[in-house]
Amino acid sequence: MKVGNKHYQSIWLDESDPSIVRVIDQQKLPFSFETKELRSVDDVFSAIDEMTVRGAPLIGATAAFGIYLATLEISSLTDIQDHLSNAARYLISCRPTAVNLTWAVNYVLEKLKNGSSSGQLSETALEAVLEICEKEKENCRQIGKHGLELIESISRNKKGEQVNILTHCNAGWLACIDYGTATAPIYLAHEKGIPVHVWVDETRPRNQGSKLTAWELGQNGIRHTLITDNTGGYLMQQKMVDIVIVGSDRTTRNGDVANKIGTYLKALAANDNNIPFYAALPSTSIDFGISDGLKEIEIEKRDPEEVTNITGYADGKIQSVRICPENTLAANYGFDITPSRLITGLITEKGICRATEEDIKKMFSDKFS
Ligand code: MRU
């Protein structure tokens with residue numbers, strides 16, 4: 001998507017040096033637009049762990065680039081299979097909830113199974129990584145097209161009046177490779193001249209909404225309003241929200257959705273006010289092997305300091321300030337589970353379906369054994 005007048009993806013291979021992977025440093029946004037170089041498996045691990053890159057599809061693509069960088073670390077003395085499986089295990093251990101991480105690493109490893117020379121391995125690995133990036137871009141383009149139909153139908157029902165969409169966290173192009181998931185239909189609607197407005201949940205504790213979603217929408221001229229995470233329910237009661245569209249880190253084969261902490265509460269409020277609640281996701285974010293989100297999805301617990309402090313911009317620099325008494329105990333769960341019964345539908349690259357095993361199976365029959 002556009003940054004100023006230049007088109008950017010969230011991750012790319014350095015044009016002049018194929019041993020460098022470049023990413024947009026999302027820890028610096030929206031206060032400064034900087035890119036970061038990743039040159040090793042360790043760089044990739046840190047970038048995912050510290051959330052320089054985040055969002056399920058981008059976490060997957062970045063880890064896939066990590067395997068590629070691991071092939072560049074192979075010397076004549078290296079036990080290749082050992083080296084690659086150690087790198088894979090290390091990267092997969094980084095963050096537990098987004099299924100794309102494991103999916104993407106295994107996708108590249110599968111392609112490398114028959115490789116022999118390090119040169120050949122690197123070539124094959126890079127090919128596989130670029131395939132993942134193209135696949136995810138196409139997935140998001142298609143999600144945009146299918147999701148657009150929902151916005152168009154609301155716009156028709158409202159006789160062309162503004163469509164108010166609420167979103168939580170950042171499921172935009174910064175969280176993917178391009179276009180985004182929850183944001184893709186919004187960008188397309190805007191392009192088509194349909195008046196849209198987005199309620200942007202700030203999304204404590206790391207504020208992906210206020211920092212990243214607001215920035216993305218602003219860069220692309222889309223009307224939006226920042227709200228606290230507790231405001232959405234009231235806006236729904238006041239009929240100021242027409243539809244909720246969020247992303248997903250891991251969706252089960254029967255439609256339970258793991259997404260940023262707070263998503264479940266939005267689904268409850270939407271349900272109580274008869275407001276359509278959609279999760280937009282590529283099939284790479286569906287874990288076809290599990291069917292009970294509450295029991296089978298591991299919820300990441302992160303540093304409590306992300307809760308006791310907040311990071312922002314003041315006196316010309318990005319800084320963290322404490323927002324509670326010293327030594328206050330804090331708990332920091334990164335995601336929650338929205339049960340399928342609260343979800344109106346899933347917007348996927350293959351179309352929109354109900355959050356049921358029956359419908360997901362119909363749409364992705366090749367993934368069901
Ligand atoms: O902790 P984050 O920022 O990685 O969490 C991101 C989300 O919850 C997104 O909504 C999800 O990954 C979907 S991104 C298309």
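Both ligands and their constituent atoms are indexed starting at 1 by order of listing. Please read all numbers here as calculations on a predicted model, not as lab measurements.
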Would you sort out whether Glu358 and Lys361 count as a salt bridge (Lys or Arg N to Asp or Glu O under 4.0 Å), showing the intermediate values?
-> CA-CA 5 Å; Glu358 186 197 349; Lys361 194 170 186 175; over 6 Å; no

Centre of Phe335's six-membered ring, under 6.0 Å away, within 45 degrees of the axis: is that where NZ or CZ of Lys260 sits?
-> yes

For ligand 1, which atoms have a heavy atom of Arg95 less than 4.0 angstrom away?
-> 1 (O), 2 (P), 4 (O)

Considering only heavy atoms of Phe335, which atoms of ligand 1 have at least one such atom less than 4.0 Å away?
-> 1 (O), 5 (O), 8 (O)

Numbering as shown, the atoms of ligand 1 that approach Gln208 to under 4.0 Å (heavy-atom distance) = 1 (O), 2 (P), 3 (O)

Quick note on ligand 1: atoms under 4.0 Å from a heavy atom of Pro57 include exactly 14 (S), 15 (C)

Sub-3.5 Å N/O-N/O distance, His168 and ligand 1 = no

For the pair Phe288 and Phe368, name the ring-plane relationship: parallel under 30°, tilted 30 to 60°, perpendicular over 60°.
-> perpendicular

Say whether Gly55, considering both its backbone and side-chain N or O atoms, lies within less than 3.5 Å of an N or O atom on ligand 1.
-> yes

Which ligand 1 atoms does Cys176 reach within 4.0 Å, using its non-hydrogen atoms?
-> 15 (C)

Side-chain donor or acceptor of Gln319 paired with backbone N/O of Ala314 under 3.5 Å | yes

So among Ile297, Asn254, Val99, which one has a side chain to side chain contact (heavy atoms under 4.5 Å, CB included) with Ile290?
-> Ile297

Joint cluster assignment, Tyr264 & Leu166, ILVMFWY side-chain distance < 4.5 Å | no

Ligand 1 to Ala175 polar contact by distance, N or O atoms, under 3.5 Å | no

For ligand 1, is there an atom lying under 4.0 Å from some heavy atom of Ala98?
-> no

Which residue supplies the protein heavy atom nearest to atom 5 (O) of ligand 1, what is that atom called, and how far is it?
-> Lys260 CE, 3.3 Å

Looking only at protein heavy atoms, identify the closest one to atom 9 (C) of ligand 1 and say how far it is in Å.
-> Asn259 OD1, 3.4 Å

Donor-acceptor side-chain pairing of Ser32 and Glu34 below 3.5 angstrom | yes

Scan Lys301, Arg322, Arg206 and name whichever one has a salt bridge (Lys or Arg N to Asp or Glu O under 4.0 Å) with Glu306.
-> Arg206

Is it the side chain (CB and beyond), the backbone, both or neither of Cys169 that lies under 4.0 Å from ligand 1, heavy atoms counted?
-> side chain

To which protein heavy atom is atom 11 (C) of ligand 1 closest, and what is the distance rounded to 0.1 Å?
-> Asp249 OD1, 3.1 Å

Contacting atoms of ligand 1, where contact means under 4.0 angstrom from a heavy atom of Ala56 = 12 (O), 14 (S)

If we ignore angles and hydrogens, is there a donor and acceptor under 3.5 Å between the side chains of Asn139 and Tyr179?
-> no

Would a hydrophobic clustering, with Ile, Leu, Val, Met, Phe, Trp and Tyr connected at side-chain separations under 4.5 Å, put Leu58 with Ile48?
-> yes

What protein heavy atom is closest to atom 15 (C) of ligand 1, reported as residue, atom name and distance in Å?
-> Thr181 OG1, 3.2 Å

Proximal atoms of ligand 1 relative to Met51 (non-hydrogen, under 4.0 Å) | 1 (O), 2 (P), 3 (O)

